[in-house]
*Asks:* 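One structure follows; several queries about it will come next.
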Amino acid sequence: MTFETVLAQARAEGRTLLNEVEAKDVLRDAGVPVTATTLATSREAAQAQAEAAGYPVVLKVVSPDIAHKSDAGGVKLNLNSRDEVAAAYDAILANCSAAVPGAKIAGVAVQHMAPQGTEVIVGMTTDPQFGPVMMFGLGGIMVEVLKDVSFRLVPLEDRDAAQMIDEIKGRPILSGVRGQPASDVGALKSAILKVAKFVEAHPEVRELDLNPVFAYPDGAIAVDARIVVSEA
Ligand code: ADP
Ligand code: MG
């Protein structure tokens, strides 16, 4: 789906948050590597989509009222059969209704479970004065506790993306330490540049988060995506 289609749909529903399925659709269109993700609105649909995605799969809640899906019990990883998918589907709906009473639930996102990589974050926020700003950092506690992130104003040159990666304190982690494999820094640079081009082309995008992106020795892929657009 194109960005324009997804934007029109969200605005028709009075939403400014694009859900994971929508965000990944438009980012894939923009050349950003993301896990193929579909929306299931029944247990049976989730099972069929899991077969198509290939086991193991991940199921996640899709709700405009739930920003942090794991916190609400809305993420089930490493599902390996139709029965596990059915049980996870039911558990997600039950957990999320309990965690956020009255939450609107659009369905459950189904995707292949990507192999674990080094977790990084690629994001964008809008500064009231300077406009769109790209952000890069390592995932998990590195970004949350240590605030080890770098920023650049959009538009970005090739060199800016390379510098964003090189500037973080945790940079040696991407070169591989203590037996951990090195990450494909070229793939990360390319993802940053593609996201920057995407936000440059679509001024309606106010915020964007790929959290996490898994970086591998060869390639990188975003397993979670979230986009906030401006009001109509
Ligand atoms: P949220 O950030 O809303 O809690 P995520 O989609 O980021 O939800 O999922 C939580 C965690 O589950 C991620 O940080 C990642 O470690 C793991 N995860 C999510 N999707 C996948 C996937 N497709 N493949 C492998 N791991 C995943
Ligand atoms: Mg996430």
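Because the structure is a prediction, the values reported are computed rather than measured. Residue numbers run from 1 in the order of the sequence given. In listed order, ligands and their atoms are each counted from 1.
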*Asks:* Can you give me the OD2-the Mg ion (ligand 2)-O angle for D224 and N211, to 10°?
*Replies:*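 Seen from the Mg ion (ligand 2), OD2 and O are separated by roughly 90°.
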*Asks:* What I want to check is whether the side chains of T125 and E207 have a donor and an acceptor closer together than 3.5 Å.
*Replies:*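 There is no such pair (donor and acceptor under 3.5 Å, judged by atom type) between the side chains of T125 and E207.
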*Asks:* With the threshold set at 4.0 Å, does a side-chain nitrogen-carboxylate oxygen contact exist between E22 and R226?
*Replies:*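 Salt bridge flag = no for R226 with E22.
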*Asks:* Of the protein's non-hydrogen atoms, which lies at the shortest distance from atom 17 (C) of ligand 1, and what is that distance?
*Replies:*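 Scanning the protein heavy atoms, the shortest distance from atom 17 (C) of ligand 1 goes to L77 CD2, 3.7 Å.
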*Asks:* With a cut-off of 4.0 Å, which atoms of ligand 1 are near a heavy atom of N211?
*Replies:*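 Answer, ordered by atom number: 7 (O).
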*Asks:* Assess whether a salt bridge exists between R15 and E13, defined as any Lys/Arg side-chain N lying under 4.0 Å from an Asp/Glu carboxylate O.
*Replies:*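 Yes, R15 and E13 are salt-bridged.
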*Asks:* Quick one: look up the protein heavy atom nearest atom 5 (P) of ligand 1 and list residue, atom name and how far away it is.
*Replies:*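 Closest protein heavy atom to atom 5 (P) of ligand 1: D224 OD2, 3.4 Å.
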*Asks:* Atom 8 (O) of ligand 1: which protein heavy atom is closest, and how many Å away?
*Replies:*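 Nearest protein contact, heavy atoms only, for atom 8 (O) of ligand 1 is K69 CE, 3.5 Å.
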*Asks:* Nearest 0.5 Å please: distance from the CD atom of E204 over to the CD1 atom of I227.
*Replies:*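 Result: 11.0 Å between the selected atoms.
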*Asks:* Got a salt bridge between D224 and K24, using NZ or NE/NH1/NH2 to carboxylate O under 4.0 Å?
*Replies:*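 No.
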*Asks:* If I compare all heavy atoms of P217 with all of P181, which pair ends up nearest, and what's the gap?
*Replies:*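 Looking at all heavy atoms of both residues, the closest pair is CG-CB, 3.8 Å.
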*Asks:* What is the nearest protein non-hydrogen atom to atom 24 (N) of ligand 1, stated with its residue, atom name and distance?
*Replies:*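 Looking at atom 24 (N) of ligand 1, the protein heavy atom closest to it is A114 N, 2.8 Å.
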*Asks:* Any atom of ligand 1 sitting under 4.0 Å from a heavy atom of Q116?
*Replies:*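 The answer is no: ligand 1 sits nowhere under 4.0 Å from a heavy atom of Q116.
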*Asks:* What part of V58 sits under 4.0 Å from ligand 1 if we count only heavy atoms: the side chain, the backbone, both or neither?
*Replies:*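 Contact part for V58 vs ligand 1: side chain (C-beta onward).
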*Asks:* Counting only nitrogen or oxygen atoms and a 3.5 angstrom limit, does H68 reach ligand 1?
*Replies:*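 N/O-N/O distance below 3.5 Å does not exist for this pair.
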*Asks:* What I want to know is whether E20 and ligand 1 share at least one N or O pair that is separated by under 3.5 angstrom.
*Replies:*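 For ligand 1, there is no N or O atom that lies under 3.5 Å from one belonging to E20.
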*Asks:* When rounded to the nearest 0.5 angstrom, what distance separates OG in S183 from CZ in R171?
*Replies:*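 The CZ atom of R171 is 8.5 Å from OG of S183, to the nearest 0.5 Å.
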*Asks:* What residue and atom, counting heavy atoms only, is the protein's closest point to atom 13 (C) of ligand 1, and at what distance?
*Replies:*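 Here the closest protein heavy atom is P212 CD, 3.7 Å.
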*Asks:* Counting each atom of ligand 1 from 1 as listed, which ones have a heavy atom of M113 under 4.0 Å away?
*Replies:*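 Matching atoms, with element in brackets: 24 (N), 25 (C).
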*Asks:* Does a salt bridge link E51 with R82, judged by any charged N lying under 4.0 Å from a carboxylate O?
*Replies:*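 Looking at E51 and R82, the cut-off is met.
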*Asks:* Give a yes or no on whether D127 atom CG has more than 12 heavy-atom contacts from other residues, nucleotides or ligands under 6.0 Å away.
*Replies:*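 Count over threshold, so yes.
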*Asks:* Under 4.0 Å from a heavy atom of A67: give me the atoms of ligand 1 that qualify, with their elements.
*Replies:*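 Reading through ligand 1 atom by atom, the close ones are 3 (O).
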*Asks:* Does F198 have its ring centroid less than 6.0 Å away from the ring centroid of F3?
*Replies:*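 Yes; F3 has its ring centre under 6.0 Å from that of F198.
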*Asks:* For atom 10 (C) of ligand 1, which protein heavy atom lies nearest, and how many Å away is it?
*Replies:*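 Answer for atom 10 (C) of ligand 1: S70 OG, 3.3 Å.
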*Asks:* Which residue holds the protein heavy atom closest to atom 16 (O) of ligand 1, what is that atom called, and what is the gap in Å?
*Replies:*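 Among all protein heavy atoms, the one nearest atom 16 (O) of ligand 1 is E119 OE2, 3.3 Å.
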*Asks:* Distance to 0.1 Å, residue and atom name: give those for the protein heavy atom nearest to atom 6 (O) of ligand 1.
*Replies:*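 So the nearest neighbour among protein heavy atoms is K60 NZ, 2.7 Å.
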